[in-house]
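As the structure is a computational prediction, the values presented were derived from the model and not from experiment.
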Amino acid sequence: MDGLIDLAAPTSPPPTPGIDTEGLADFLRRFFAPLFLAVVSVVAIFFLFTREITKFVQFILLAIGIGVIFYVPNIIEVTAKAIATALGIK
């Protein structure tokens, strides 16, 4: 009889209210980082073949800045918290 009571008892915790964002930054990093590298490679090769060195250098500097966002750990979380704090969201 005890086994039957154990089967009837709920085993999962009740759902928490709100949106679960656990692991969202890691998912975005894994999804967009390879796409970012592919686009940067194609555009950089285009600038090199057209011999537009000034645009190439500007593009590489911009790509490095954006790449920091994808590859530096916790920068997305820190930035999101800073924006939320600036907007007054707790």
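Here the CG-CD1 distance, from Leu62 to Ile66, works out to 4.0 Å after rounding to the nearest 0.5 Å. Atom CD1 of Ile60 sits about 7.5 Å away from atom CG of Leu48, to the nearest 0.5 Å. For the atom pair CD1 (Ile64) and CZ (Phe59), the distance works out to 10.5 Å, reported to the nearest 0.5 Å.
Under a hydrophobic-cluster definition in which Ile, Leu, Val, Met, Phe, Trp and Tyr are linked whenever side-chain heavy atoms come within less than 4.5 Å, directly or via other members, Val78 and Val68 are assigned to different clusters. No chain of hydrophobic side-chain contacts below 4.5 Å, direct or via other Ile, Leu, Val, Met, Phe, Trp or Tyr residues, connects Ile45 to Phe47. Clustering ILVMFWY residues whenever any of their side-chain heavy atoms sit less than 4.5 angstrom apart, transitively, puts Ile53 in the very cluster that holds Val43. With hydrophobic clusters built from ILVMFWY side chains whose heavy atoms lie under 4.5 angstrom apart, Phe49 does not share a cluster with Phe46. Put simply, Val39 and Leu61 are part of the same group of oily side chains (I, L, V, M, F, W, Y) that touch within less than 4.5 Å, one to the next.
Contact between Phe36 and Ala63 at its shortest, heavy atoms only, is CZ-O, 3.3 Å.
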